[in-house]
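Hydrogens, waters and symmetry mates play no part in the numbers below; they use all other heavy atoms, side chains included. Lettering of chains follows the sequences in order, A, B, ..., and the numbering in each one begins at 1.
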There are 2 protein chains.
Amino acid sequence: MTALAPKARRNNRRELILDVSAQQFVEKGFASTSTRDIAKATGMLPGSLYYHFASKDDLLVAVFEEGVQRISDSVDTALEAAGADPWVRLQAACEAHLAMLLGTSSYAHVVIRTLPSDFSDAEKTLVGLRRQYEARFTRLCDALPLPPQTDRSVLRLMLIGAMNHTPVWYREGRDTPAGLARKFIENLRVPLVGAGASEAARTDASGEPVSRRIEDE
Amino acid sequence: MTALAPKARRNNRRELILDVSAQQFVEKGFASTSTRDIAKATGMLPGSLYYHFASKDDLLVAVFEEGVQRISDSVDTALEAAGADPWVRLQAACEAHLAMLLGTSSYAHVVIRTLPSDFSDAEKTLVGLRRQYEARFTRLCDALPLPPQTDRSVLRLMLIGAMNHTPVWYREGRDTPAGLARKFIENLRVPLVGAGASEAARTDASGEPVSRRIEDE
DNA sequence: TAAATAAGCAAACGATTGCTTGGTTATTTC
DNA sequence: GAAATAACCAAGCAATCGTTTGCTTATTTA
């Protein structure tokens, strides 16, 4: 070894700083969180943060990276135990995603809330990280049995948009991540009835009078 | 008259300030937009803004109100011409919502992007305005012919979340608001095929017994 | 034409911002 | 036990922030 890893010597408060930052970024937003706010919550002086991070932007990138790591791990773990059915797998991924987003940790929430375009220097990094994570949903949606003309990209983006909006309205007790994931998938899933019966009710693509949903009976 | 309306005398640059503010709030975010930025873009001096608005927060509230007004009018107008079919009506509302959100004007975008909790003083005002607007979607979703156990609140919140996420990924030319609205609705609409043939393909998603979508009639 | 007022300028206030710099302490390593 | 270094303190810098205050100008109204 000798010239091996630096390996956190002694108590390293880097993690504490990250925890506090994630929480405050979610509570007040990045721009409205001052480095002094973070320092105070960690029990340090403002300048001491710069021993661990080069800049405030750098601190956000670190929180973002940790958030992507955590939510990715969570989804991957859920998928390993999810079996083979494509809809069940997608639902499991959504449940893991929502659990991270609505849970006590703030890291995933930062990933969702942060607009990469607000950080022109790190924009590519942030977009790349998020894309790598969301690739999981691309694959999951590609595996779904869907009518041939379905736009799977739009389906995926709908689902991601719906999930990432939950922090705005979610109330603990009234719902659960698992329950929401189930309802989300239930609302998107098309019952693939045998023998293409479903196409009968499909709409005319160009937006004009669409076949009615319940017309008979 | 004598004691009648104040009635904008001469050129009133209030509207210009609002336009500029809406644009910059969307571009850089509220906290990262300084009053000096806004003043410069209007050709005024920083202090002059305070002749028209009492504070920066006040300015945001004004933009927000204008945004709610515009998107509400747009949706209402679309609904007047939309006929009676519940799905067609919902799709028309979505198209109007998306057109405002993805169009050139920034007002609606501010409404979507602004987190009321970031403005504790005006939080109730902002939430109230947004709720009044979104009530339109509550009514539209209530009118849908859906399986009895469907959670219409979740359906509505899914749709709103999906729509409000579009500014993140929308690219002009590749999609249109109308096209997206159609795909969104298409993905949510369940083809009510005759005689419940669909149940065959239903699966129990997460180990919980999921009530089937289409069971009766 | 005189008084009133709408609209904005000019200049600065105090507070807060992200960050730097030089020194200090405690722990390791040799 | 000496040298090195990880981790932080103490103090402050320059820039920017939202906002205020007093004054000027141009347009209305009477």
### Task
Identify the two heavy atoms, one from Phe119(B) and one from Leu60(B), that lie closest to each other, and give their separation to 0.1 Å.
CZ-CD2, 3.5 Å

### Task
Kindly say whether Met44(B) contributes a backbone atom to a donor-acceptor pair with the side chain of Arg13(B) at under 3.5 angstrom?
no

### Query
When you check the phosphate oxygens OP1 and OP2 of dG18(C), does a side-chain N or O of Thr35(A) lie under 4.0 Å from one of them?
yes

### Query
Does Thr150(B) reach the main-chain N or O of Leu146(B) with its side chain, forming a donor-acceptor pair under 3.5 Å?
no

Please set out all donor-acceptor pairs under 3.5 angstrom arising from side-chain atoms of residues 18-31 of chain B, sequence neighbours excluded.
{"from": "Asp19(B)", "atom 1": "OD1", "to": "Tyr107(B)", "atom 2": "OH", "distance (Å)": "2.5"}
{"from": "Ser21(B)", "atom 1": "OG", "to": "Ile17(B)", "atom 2": "O", "distance (Å)": "2.7"}
{"from": "Gln23(B)", "atom 1": "NE2", "to": "Glu27(B)", "atom 2": "OE2", "distance (Å)": "3.4"}
{"from": "Gln24(B)", "atom 1": "OE1", "to": "Lys28(B)", "atom 2": "NZ", "distance (Å)": "2.8"}
{"from": "Lys28(B)", "atom 1": "NZ", "to": "Asp37(B)", "atom 2": "OD2", "distance (Å)": "3.0"}

### Query
Do Cys94(A) and Phe184(A) have side-chain heavy atoms sitting under 4.5 Å apart?
no

### Message
Contact list please: residues 37-44 of chain B against DNA chain D, heavy atoms, distance less than 4.0 Å, in numerical order.
### Response
none

### Query
Which ones in residues 47-55 of chain B lie close to DNA chain D, meaning a heavy atom under 4.0 Å from one of its atoms?
Gly47(B), Tyr50(B), Ser55(B)

### Query
Between dC17(D) atom C1' and Phe30(B) atom CZ, what is the distance in whole Å?
12 Å

### Summary
Taking five pairs at each terminus, the helix from dT1(C)-dA30(D) to dC30(C)-dG1(D) shows an axis bend, to 10°, of 20°

### Message
Are the side chains of Ile38(A) and Leu59(A) in contact, using a 4.5 Å heavy-atom criterion?
### Response
yes

### Given DNA chain C, 5'-ward residue of the pair Ile17(B) and Arg36(B), judged by closest heavy atom
Ile17(B)

### Query
Are Arg136(B) and Asp76(B) close enough for a salt bridge, meaning some N to O gap below 4.0 Å?
yes

### Query
Do any N or O atoms from the side chain of Ser74(A) and from the backbone of Arg70(A) form a donor-acceptor pair under 3.5 angstrom?
no

### Message
So, does Arg13(B) get its side chain near the phosphate of dA7(C), meaning an N or O under 4.0 Å from OP1 or OP2?
### Response
no

### Summary
Between Leu102(A) and Pro177(A), the two heavy atoms sitting closest are CD1-CG, 4.5 Å

### Query
In whole angstrom, what separates Lys56(B)'s NZ from dC17(D)'s C1'?
8 Å

### Task
Would you please name every residue forming a side-chain contact (heavy atoms from CB on, under 4.5 Å) with Asp175(B), sequence neighbours left out?
Trp169(B), Tyr170(B), Leu180(B), Lys183(B)

Using a 3.5 Å cut-off and no angle test, enumerate the donor-acceptor pairs between side-chain atoms of residues 159-166 of chain B and protein atoms at least two apart in sequence or in another chain.
{"from": "Asn164(B)", "atom 1": "OD1", "to": "His97(B)", "atom 2": "NE2", "distance (Å)": "2.9"}
{"from": "Thr166(B)", "atom 1": "OG1", "to": "Met163(B)", "atom 2": "O", "distance (Å)": "2.6"}

### Query
Between atom CG in Asn12(B) and atom P in dA26(D), what is the gap in whole Å?
18 Å

